[in-house]
Number of protein chains: 2
Amino acid sequence: MDQLDRKIIAELRQNGRATYAELGRLVGLSASSVHERVGKLEAAGVITGYHAVVDPRTVGLGVTALVGIQPTDTAADEDVAEALGSLEEVESCYAVAGDEAFVVKVRVPTVDELEHTLGRLRRIDGVARTQTTVVLSTRFEGRPNNTGLDRGTEAGDGGA
Amino acid sequence: MDQLDRKIIAELRQNGRATYAELGRLVGLSASSVHERVGKLEAAGVITGYHAVVDPRTVGLGVTALVGIQPTDTAADEDVAEALGSLEEVESCYAVAGDEAFVVKVRVPTVDELEHTLGRLRRIDGVARTQTTVVLSTRFEGRPNNTGLDRGTEAGDGGA
DNA sequence: GGTGAAAAAATTTAGAG
DNA sequence: CTCTAAATTTTTTCACC
């Protein structure tokens, strides 16, 4: 993974549909070289996928909540995690430090549906308690934060 | 937004680099029709972007934390939200119900850097307290959860 | 690693039902 | 809104450095 890879990745994070030709112009390589590099990055698990991002509201998912999952003393985290993953309304799942074992993000159409989902979460074997924080608004989400991905080429001074 | 749009969206959420030709085959339209539909979905703000997803660890972002932001009594939420957005390590920001005004997800290279970031968060004007939950592992994240996007086509009979 | 060329495929625009 | 057709661009392979 060199600077060129990093630049390619940075661009693909912003524009997942950038063409190899565009990327090549950006980094100064031929389209075929970029093609090969991207293939290797995918194979190496650096790039794990490409996704269109949809405004959840436009698609009938107006209600978001963050739910802390407190397991029973005897529960196996792996089993709980797997059960959480089996619920489609659970969009993300993090194992965390603190008195909750997991924090999950759920996305549902209505508060009614949220209630049902919380019921399902509580019925998971090994789940003792849930603690729910309702999201009132998503200010921003999944922003491509800088990681050194797009630094380095212009280390000396601010870009542009 | 009809069934065809929903099917196109569902596919693009899974594979953001699907070609219009592929999508056309999937839904039974020509590539140019799909092209036009997707353009309209983008213009309407339904599809907000396309992004490559990168394994954060491979890119020097090994530490994730969820941070609750408790504002001072007099703070204007908008100002706080804007300040949160100005920090690049803040990847997502949710306004929430409960005694915290916001929950943010931060991603940084090291725990050292997390300490610095928390300092920056606390120094934001209008921020009274932060409460940090360190993420031990991300089980899954940003999963395309089902929304009715890919339902419906097969309600009465097979879509194919 | 990289290139450039060539064939296949896809994108994109335009015109028309 | 959909299509087909045509021009452009990209993808993908391959021989070669």
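This is a predicted model, so every value here is computed, not measured.
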* Structure fact -> Residues B:T58 and B:D55: closest non-hydrogen pair is OG1-O, 2.7 Å
* Test item: B:R139 side-chain N/O and A:V104 main-chain N/O as donor-acceptor pair under 3.5 Å -> no
* Asked: Can you tell me if B:T132 uses its side chain to pair, donor with acceptor, with the backbone of B:V67 under 3.5 Å?
  -> no
* Answer with base, sugar-phosphate or nothing: what part of the nucleic acid does A:E22 contact at a heavy-atom distance below 4.0 Å? => nothing
* Asked: Looking at B:Y94, does the NZ or CZ of A:R107 lie under 6.0 angstrom from its six-membered ring centre and within 45 degrees of the ring axis?
  -> no
* Asked: With nearest nucleotides of DNA chain C determined for A:V34 and A:R17 from heavy-atom distances, which residue corresponds to the more 5′ nucleotide?
  -> A:V34
* Enter the inter-axis angle for the ends of the helix from C:dG1-D:dC17 to C:dG17-D:dC1 (five pairs per end, rounded to 10°). => 30°
* Asked: Is the side chain of B:R120 donor-acceptor paired with the backbone N or O of B:L84 at a distance under 3.5 Å, no angle test?
  -> no
* Asked: Rounded to whole angstroms, how far apart are CG on A:D2 and C1' on C:dG1?
  -> 10 Å
* When we call it a touch if two heavy atoms are under 4.0 Å apart, what does B:T19 touch: a base, just sugar-phosphate, or nothing? -> sugar-phosphate
* Asked: Between A:R37 and C:dG1, does any side-chain N or O lie under 4.0 Å from OP1 or OP2?
  -> no
* To do: Using only heavy-atom distances, decide whether a donor-acceptor pair under 3.5 angstrom links the side-chain of A:S32 to the base of C:dG2.
  => no
* Structure fact -> In the 5' to 3' direction, the nucleotides of DNA chain D bounding the stretch that comes under 4.0 Å of a heavy atom in chain A are D:dT10 to D:dT13
* **B:R17 side chain to A:A18 backbone, donor-acceptor under 3.5 Å** => yes
* Structure fact -> Closest heavy-atom pair, A:T133 versus B:A97, reported as atoms and distance to 0.1 Å, is CG2-O, 3.5 Å
* So among A:V135, A:L114, A:V134, which one has a side-chain contact (heavy atoms from CB on, under 4.5 Å) with A:T64? -> A:V135
* Does the B:R143 side chain pair with the main chain of A:G85, one donor and one acceptor, at a distance under 3.5 Å? -> yes
* Structure fact -> Taken to the nearest whole Å, NE2/A:H35 to P/C:dG4 is 17 Å
* Asked: On DNA chain D, nearest-nucleotide positions of B:A31 versus A:R25: which is more 5'?
  -> B:A31
